[in-house]
2 protein chains.
Amino acid sequence: MNESAGSGQDAQAVSRFVESFAAQLVEAGMTRMPARVFAALLSSDEGSMTSAELGEQLRISPAAVSGAVRYLAQTHMVSREREPGSRRERYRVHGDQWYEALANRENVLKRWESALREGVTSLGPDTPAGRRLGETLAFFEFFEGELAALMERWRAHRDKTFGSG
Amino acid sequence: MNESAGSGQDAQAVSRFVESFAAQLVEAGMTRMPARVFAALLSSDEGSMTSAELGEQLRISPAAVSGAVRYLAQTHMVSREREPGSRRERYRVHGDQWYEALANRENVLKRWESALREGVTSLGPDTPAGRRLGETLAFFEFFEGELAALMERWRAHRDKTFGSG
DNA sequence: CGCTTCTTTCAGAATTTTGTGAAGTTAAGG
DNA sequence: CCTTAACTTCACAAAATTCTGAAAGAAGCG
């Protein structure tokens with residue numbers, strides 16, 4: 001019942017946050033298990049948990065943890081760590097890296113752009129539809145370029161606000 | 001076989017684009033029917049189509065069109081128009097409005113922020129987890145603010161590139 | 001090397017989501 | 001008003017997803 005221990009905050013409070021934040025991620029399109037695992041990691045004091053810890057807190061099978069973690073690792077939202085001399089793995093959110101992955105929809109944008117480019121070509125750049133597609137394409141290209149600059153500004157803003165540690 | 005008529009480009013080329021662009025939207029999290037309807041509208045010369053036209057091109061039922069359009073209208077990606085003196089409705093992409101809706105994830109951001117704020121409070125702003133959540137929250141707040149400015153710059157860029165018409 | 005511990009893969013049951021047909025609702029035109 | 005054209009809603013069948021238990025696969029340790 002003591003909530004001051006490093007990893008021992010009121011488990012219920014943690015769980016409430018995990019589930020409510022995960023629900024938002026789900027609503028935004030993420031699948032449920034990855035969302036819950038991610039939220040759990042995010043609200044852990046260490047910023048990392050083992051497979052067993054995740055399974056216990058979220059009441060899900062090792063298989064579910066495995067699947068969720070695979071997805072999160074592929075999308076660069078968590079990384080896997082090996083504690084040397086143990087076959088236990090830790091899954092970690094890089095405090096300052098994960099939201100870059102989120103903002104980093106670059107792959108998505110790139111594919112959209114590619115599809116649009118083909119569309120412009122095949123419908124004809126001088127048809128009304130082709131022009132609309134072209135303008136849309138230009139928007140995404142613009143957006144993609146701005147994103148990098150925006151992330152730079154964020155880092156500066158963050159260092160100023162939170163200190164560089 | 002004449003492709004210069006206003007709405008008469010090679011139907012197959014249009015269909016190819018529609019399906020491939022829609023597939024990208026689906027991969028990014030949009031549901032299939034809205035994605036297809038949206039792509040179809042985007043690649044129409046008028047920038048608008050009737051329910052019947054959509055049903056025919058996409059080979060889907062009126063019910064499916066209705067559902068897709070309802071979703072798209074709710075998310076401000078298309079608007080509905082009544083041609084006066086007819087019970088036919090037209091669904092339209094606003095050439096310069098639709099991607100604002102796309103970039104306009106503000107509602108999503110707002111909900112995330114709200115969940116994070118609660119998390120910071122209930123885990124304690126001075127715990128490691130609370131600090132991580134707080135920093136995440138700050139990022140979203142920052143991002144939200146930047147988005148508006150970014151869209152401004154886009155409009156300027158667009159007007160310069162495409163002329164203001 | 002074999003044991004043990006952890007992780008991954010796989011087949012399948014349960015749930016959820018999707019799209020349709022058909023009935024219902026609204027509104028224009030006679 | 002009645003008819004008719006268009007859109008919407010609803011219940012359900014089909015299909016896709018999701019999560020699990022069980023078995024198989026790695027990797028440290030004796």
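The structure presented is a predicted model; accordingly, all values stated were derived computationally and were not measured. In the text below, chain A, chain B and the rest are named by the order of the sequence lines, each starting its count at 1.
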Please examine the side chains of [Y] and [X], heavy atoms only from C-beta on, and report whether any two atoms are closer than 4.5 Å.
X       : Y       : value
R153(B) : F142(A) : yes
V18(A)  : Q57(A)  : yes
S48(B)  : Y91(B)  : no

Using whole Å, report how far [atom1] of [X] lies from [atom2] of [N].
X      : N       : atom1 : atom2 : answer
E53(B) : dC7(D)  : CD    : P     : 10 Å
E83(A) : dA27(D) : CD    : P     : 16 Å
M49(A) : dC6(C)  : CE    : P     : 16 Å
I60(A) : dT8(C)  : CD1   : P     : 13 Å
L54(A) : dT8(C)  : CG    : P     : 12 Å
R88(A) : dC29(D) : CZ    : C1'   : 15 Å
Y71(B) : dC7(D)  : OH    : P     : 22 Å
L58(B) : dT18(C) : CG    : C1'   : 15 Å

Mind listing the N/O atom pairs, protein and nucleotides 24-30 of chain C, below 3.5 Å?
unit_1  : atom_1 : unit_2 : atom_2 : d
dG29(C) : OP1    : G85(B) : O      : 2.9

Which of the following nucleotides, dT8(C), dT9(C), dT8(D), is nearest to the side chain of E89(A)?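 So the side chain of E89(A) is nearest to dT8(C).
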Counting side-chain heavy atoms from CB outward, which of dG19(C), dT20(D), dT8(D) is closest to S61(A)?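 Nearest listed nucleotide: dT20(D).
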In Å, rounded to the nearest 0.5 Å, how long is the span from CD of E56(A) to OG of S51(A)?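 Nearest 0.5 Å value for the CD-OG distance: 11.5 Å.
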Report the distance from atom CD of E113(B) to atom CG of L137(B), rounding to the nearest 0.5 Å.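 Interatomic distance, E113(B) CD to L137(B) CG, rounded to 0.5 Å: 6.0 Å.
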Using the ring-ring contact (aromatic ring centres under 6.0 Å, His included) rule, collect all pairs that involve residues 24-64 of chain A, keeping only residues at least two apart or in two chains.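 Qualifying pairs, neighbours excluded: F38(A)-W98(A).
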Base, sugar-phosphate or nothing for R80(B)? Non-hydrogen atoms, less than 4.0 Å.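 Sugar-phosphate only.
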Just to be sure I understand the rule, does R36(B) reach a base, reach only the sugar-phosphate, or reach nothing, if contact means heavy atoms closer than 4.0 Å?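 R36(B): no heavy atom of the nucleic acid under 4.0 Å.
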Going by the side-chain contact (heavy atoms from CB on, under 4.5 Å) test, name the single residue among L42(A), D45(A), L41(A) that passes it with R132(B).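 Going through L42(A), D45(A), L41(A) one by one, the side-chain contact (heavy atoms from CB on, under 4.5 Å) with R132(B) is satisfied by L42(A) alone.
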Can you see if the side chain of S51(B) gets near the phosphate of dA6(D) - specifically, an N or O under 4.0 Å from OP1 or OP2?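 It does not, given that no N or O in the side chain of S51(B) lies less than 4.0 Å from OP1 or OP2 of dA6(D).
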Could you tell me whether the phosphate oxygens of dC7(D), OP1 or OP2, come under 4.0 Å of any side-chain nitrogen or oxygen in S66(B)?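 Checking dC7(D) against S66(B), no side-chain N or O comes under 4.0 Å of OP1 or OP2.
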Sequence-distant partners of F17(B), ring pair (Phe, Tyr, Trp, His ring centres under 6.0 Å), two or more places apart: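 Counting only residues at least two positions away or on another chain, F17(B) forms a ring pair (Phe, Tyr, Trp, His ring centres under 6.0 Å) with F21(B).
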Please work out which residues in residues 16-24 of chain B have a non-hydrogen atom less than 4.0 Å from an atom of DNA chain D and list them by number.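 Listed by number, there are none.
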If you measure from the Lys or Arg side-chain nitrogens to the Asp or Glu carboxylate oxygens, is any gap between [X] and [Y] under 4.0 Å?
X       : Y       : result
E135(A) : R131(A) : no
E46(A)  : R92(A)  : no
R88(B)  : E83(B)  : no
E141(A) : R117(A) : yes

Protein N or O to nucleotides 10-18 of chain D N or O, pairs below 3.5 Å:
none

Polar side chain donor-acceptor pair, R90(A) to T50(A), under 3.5 angstrom: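 No pair is found: no donor N or O on one side chain lies under 3.5 Å from an acceptor on the other.
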Could you tell me whether a side-chain N or O of S66(B) sits under 3.5 Å from a main-chain N or O of P62(B), the two making a donor and an acceptor?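 No.
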Can the ring centroids of F143(B) and W154(A) be said to lie less than 6.0 angstrom from one another?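 For F143(B) and W154(A), the ring centres are not under 6.0 Å apart.
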Judged by each residue's nearest nucleotide on DNA chain D, which is more toward the 5′ side, A52(B) or V65(A)?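 Its nearest nucleotide lies further toward 5', so the answer is A52(B).
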Secondary-structure stems for DNA chain D, with pairs counted as Watson-Crick or G-U when both distances are under 3.5 Å and runs at least 3 long: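 Stem list for DNA chain D: C:1-30 with D:1-30.
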